[in-house]
Structure formats: structure tokens, C-alpha cells
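The structure appears below as C-alpha cells.
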Amino acid sequence: MFRYLVRRLLQMILVFVATTFIVYSLMYATGGDPIQALAGERPVSPTQRAQLIREYGLDQPFLVRYWNYLSGLLQGDFGKSLTGREVSDIIAQALPPTIQLAAIAIVTTIALGVTVGIIAAIRRGGWFDNATLVFTLIIIGIPIVVLAPLAQLIFTIKIPIFPTTATSGDLYALLLPGIILGALSVATAMRLTRASFTENQRSDYVRTARSKGLSKRRVVGVHVLRNSLIPIITFLGIELGALMAGAIVTEGVFNVPGVGFNLFRALRTEDAPLVVGLVSVLVIIFLVANLIVDLLYAVLDPRIRYE
Amino acid sequence: MSDLESIATVETPKTQERQGGPESKPRSATADAWYELRRKPLFWIAVLITLVVVVMALFPSLFTPNDPGACALGRRLADPTGAAIFGYDVQGCDVFAKAVYGTRNSVLIGFGAAFVAGVIAMLFGVTAGYFGRWWDAIVSRVIDIVLGLPLLLAGIVFMKRVSNAGWGQNGRITALIFILGLLGWTTAARVIRSSVITTKQQDYVAAARMLGAGNGRIMWRHILPNALAPFIVIITMALGAFIAAEATLSFLGVGLIPPSQSWGLDISEARNYMREDFVPLAVPSAFLALTVLAFIILGDTIREAFDPKLR
């Protein structure tokens, strides 16, 4: 277990360094003139330019700058945005709405996806099962750029039960964007639950439990359910990381001032430090979620041993 | 893309012949799958939509006589007429013609990116699984790194650079094909790799080697065909995902830009006045959703046909 953990951590560090390096070099090495981007439309005098270049460390070689950035990151220093604000401040402000969105999406996934998946698996081949299969296919097939504006049109304008935008950030306003964000996960969770449940229903231990004379409720609710939940929990963990990165469109459509929204605005204004900072945070969340899921796997299923 | 792997893990079909069927001759796994597949109405619906979309991409003028670029502000949000069956948008452009002409870019980028991703996945997946050792270690780490960059996130950052470089319309299309392809090959490569690792220990591979077959021949003729079914499933579904990604990037303003025709652009523009008129939003949305759906259903039905457990 310990050796596995060390190996996984080393892999994580490699992935983190490589991904941030890619984004860092894309934002800095090939970008336009960062000093001009900082000044906007105003002309910059040579003395000002020289001072700014020194202040932001642009006179140093590229790799040295990346190294400085990385070591700053380890101490929690994300650097300064081009607007002069600390990047860590912006992140601290943008994370809560995004986390709330992702949480709503995950709760919807569990409440709807897992329950419906279980019912479909128990009544396999029935009309409910077939309807679920078609429904999940449709949801998986509709891209979020279609789903988000359409939901906004239907549920906030035609039938105004939700506010059109969620700028204020109160929980009720975040409900609709959260559900939209989770729609794909709901569909995937339904299919996964159904598949895993069906497979376990055919296994030997279920037959044993049945022949012992246990009630159907107990067989399904205790024996099958516990074993079927393993792949679903893994899926949910990985999905949590993916959801936070995938919120760009949803946050844009519903004006949620979260990570995706800020990231997109930072890209528009060429705010390289902010872009790199936000991407770094998203990558860290994604990687940590993956690691936790992998470790959880061994806890949930004692048959799995990590060497 | 993370869910594709779980959806598309196909069990290698058992070689033993199956009972039943119209003629009880032994059939190959592919023939078996084809027999299952052609009885499914959902499969044929998906094939039909795919064919219509491809024909529309090749010959858009077959579907509409109007020019999507011929706009007149005088007929702003005008009602449908015989010539423009879905009416006009806020700029007075034919909504249906714009959607029809948008098909070409979507299909071009989808197929192009799937081709790039497929070639990379095949090259890396087969060689990593076959040679193992240090090459496998390197490829696996590269896959980890690419997976660490979410498709949309990385796509935005990469395309932003292309925007700054000031590339023209064709340059942007090429850039989208290669960027999406370079970011989207990992799942397929993993599936091929694991399938190659199980196949290479089979007796017939050892037999081929003893008969003097070289590495290239063994990989191409004896190992690759076994990994093909799951590979086709993943690439078909990825094709839908790439088309959706193009629309999303264009929607966000970093993909294609006017005067290119793109469903994502149409959706993004129509969203601004959907309170007044929702038809210009609904038409490109329906085109996009149906196309992506067709590819997802295609992949899903093929996977089911190849999976003996689901029969």
C-alpha cells in the first residue's frame, strides 16, 4: 500500500508539472506583448516598460520564470493578476460558487441516476428499463451548449420558475445550472448502476443468499447494493473533478461568477497569470480526486490489494 | 471523455459458436455482431441520420437553394416563407440555410479530429502494448499527462493562441482538427493497449513468430484486428464528442469565427435574442444534437452487438 501511494504521488507530481508547464508556456512563450496587455490601449514609455519587465521578471530566461512560478505555487503564492489583484484572492472568491454547482450536480446524480439505475436493473427488460435506456442515450447525445441555453429558455423565460441568471450566487438560483451541469453524469450514472447491478444479480453469492431463504428485499438492498456501489463511487469521484472543469459553458450561460467564468474572462483579457493559476487549481482538484478514488477503491473492495 | 472508457470496454467475443440464428452454421465474431446489429431499428436510424449529415456536408445546395451569407436587415426575424422554411434570424439571414451550410465544418472537423486521434491512438496503443518495458512506461505517462488536461479547458487555451496568431478560416479549421485530435486520443490508446497486452500472449501469436513473422507483421495482421471492435466504438463516440467540442469552442468565441458557418456560432448569437424569437436558437441546436446523438447511438449499438454478455 505504501509503495503504491509513493508511486501514485510521483506520477501525480509529473502530471502536474507537465500540464502546468504546457499551459504556462502557451500563455507566455507564444503570447502577444504582456506589457501592452497590461497597459491596455495606452502607450508605454521605454522606461516604464523596462521597469515593468523587471517587476514581473520578464527579463529572466523562460525556464527560470517557470521554476520561480512553480516554487511560488508550492508556498501558496499564485502570483499577481494583470489587474493587480492577488490570483489567490480571485480563486478564493471563484471557488465557492463552482464547488456549490458541482455539489448540486453530484447530489442530482446520486438521487436520480443511482435510484433510477437500480429500478431499471431490477425490472430489466420492462418498459421502465427501455425508457431509461433511450432517455440516457438522448441526454448523453445532447451537448451542453444546446442543453444550457435551451433549459434557460424553457425554465426561466417560458415557464419562469427559476431566475435567468445566478449572479447573486444564492443556492436556489444555482439549482438549474447545477442540474444542467450534472445531466451528463446523471445519464452515465444510470447506465453504470444498471450494468453493475445486473452483473451482480447473476453472481454466485446472490444465488447463495436466495437459496438460504433471505427475502428479496434483503438480497437486493444489502448484498447486491453494496457490491454494486463500488464502480459508482469511483465514477462519482472522478466526475467531481471533471465537473469543475466542465462548468465553463454552464457558468457562462447562467452568469455564475465561478472558476470557469473567471477563466474565460481572463483568457479574453490575456491575463496570463490568472489563466495559469486557475488552470493549476483545476488540475490539482482533478488529480487529487482521482487519487482519493483510487485509494477508496481498495477500502471498499477488500479483494483489491495495491502492491 | 472520462465516461467513454467505462461505456466502451467491450468483452472479447468468445470464439465458440453460438446456438440458434437462422442458419446454424458457425459464424465469426464479426458476422455474429453484424447479425445482431442489423436487426436493431435504433442502429438503422443512426445510420440514416449519419448519411443525411454526410450528404449535407458534401452537397449543401441539395437541401436549400438559399445562400447562408445573403442577409438583408429588412427581413429581420421575419416569419417562415416557402423559400426559408424556418424564417430569418436577427441579421435577416435564412436560419435553415445557415444550419445546412454549418454541417460541412462540423463534419469536417469531427472526422478529421477522429482520424488524427485514431492514428495516434493506434500507433501508441499497439506499440506500447506490444513492446512493453520502457516504451510502455513513457506512453502511459504521456497518456496520464494528456488526461490531466480536460479537453475543453486545454482546447480553449490552445485555440486562444491560434486566435492571436491571426490565422484565417481554413487555418482555424486545421488547428481545430489537430488540437482536438491531439487531446482526444488517450482513451482509445488505453483500450487498444490493454487489448494488445492480452492478445500478445495467445498461442497463435507465438506460432506466427515461430513461422518467422516480423514485429510489424505480427502487430498489423495478428494483434490489431483483435483490438478493432472496441477501437471503432470509442472512435465513433469520440467523433460525436469532437463535433460537440467544436460547437462549444465556437460558442465560446475561440473556435470558428464569422464568416465561417458553425452551429456553435449560430447558437451563441441566437441566445442573445431568444426572448424575442427562439426558432433561430432551436434549429442549429437540433442539428447539432441530432448529429452528436447519431454518432453516440451508432457507437453504443455496435458495442452492444459485440458484447456477448448483453445478448
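The analysis underlying the following values was restricted to heavy atoms, covering all of them including side chains, and did not include hydrogens, waters or symmetry mates. Chain naming here is simple, since letters A, B, ... match the order of the sequence lines and numbering starts at 1 in each.
- When A/L153, A/V283, A/L287, A/V23 are compared by the number of non-hydrogen pairs under 4.5 Å with chain B, A/L153 comes out ahead.
- Just one of A/V146, A/I144, A/V253 meets the side chain to side chain contact (heavy atoms under 4.5 Å, CB included) condition when paired with B/F251; it is A/V253.
- Within 6.0 Å of atom OH in B/Y273, more than 12 heavy atoms from other residues, nucleotides or ligands are found, so the atom counts as buried in its surroundings.
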Take A/I22 and B/F158 through the side-chain contact (heavy atoms from CB on, under 4.5 Å) test and state the conclusion after the steps.
CA-CA 10 Å; A/I22 291 170; B/F158 275 88; 4.1 Å; yes
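- Distance CG/A/L133 to CG/B/L42: 9.5 Å, rounded to 0.5 Å.
- For A/G141 against B/I296, the heavy-atom pair with the smallest separation is CA-CG1, 4.2 Å.
- Residue contact with chain B, scored on non-hydrogen atoms closer than 4.5 Å, involves the side chain of A/I157 exclusively.
- Of the atoms belonging to B/L281, it is side-chain heavy atoms, and not backbone ones, that fall under 4.5 Å from chain A.
- Only the side chain of A/L263 has a heavy atom closer than 4.5 Å to any heavy atom of chain B.
- Note that the CD atom of A/Q152 and the CZ atom of B/R271 stand 5.5 Å from one another [nearest 0.5 Å].
- We find the CE-OG1 distance between B/M274 and A/T156 to be 5.5 Å, quoted to the nearest 0.5 Å.
- For the set A/L150, A/L147, A/V17, A/L137, the entry with the most heavy-atom pairs within less than 4.5 Å of chain B is A/L137.
- Proximity of B/V292 to A/I142: side-chain heavy atoms (C-beta onward) are nowhere separated by under 4.5 Å.
- Note: A/V249 leads A/V279, A/V249, A/T198, A/V275 in heavy-atom pairs under 4.5 Å with chain B.
- By the 6.0 Å contact criterion, CZ on B/R39 is enclosed, its count of non-hydrogen atoms from other residues, nucleotides or ligands being greater than 12.
- Here the CD1-OG1 distance, from A/I248 to B/T248, works out to 10.0 Å after rounding to the nearest 0.5 Å.
- Of all the listed residues (B/S285, B/A247, B/A244), the one sharing the greatest number of non-hydrogen pairs under 4.5 Å with chain A is B/S285.
- Enclosure of atom CZ in B/F43 by more than 12 non-hydrogen atoms of other residues, nucleotides or ligands within 6.0 angstrom is indicated.
- For the set B/I267, B/L288, B/L252, the count of heavy-atom pairs under 4.5 angstrom toward chain A peaks at B/L252.
- Note that CG of B/L153 and CZ of A/F264 are 12.0 Å apart. Values are rounded to the nearest 0.5 Å.
- Interatomic distance, B/L147 CG to A/T19 OG1, rounded to the nearest 0.5 Å: 11.5 Å.
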For side-chain contact (heavy atoms from CB on, under 4.5 Å), just list the numbers for B/D300 and A/R191, CA-CA rounded to whole Å, side-chain angles, deciding distance to a tenth of an Å, and then say yes or no.
CA-CA 12 Å; B/D300 198 56; A/R191 304 200 117 204; 2.9 Å; yes
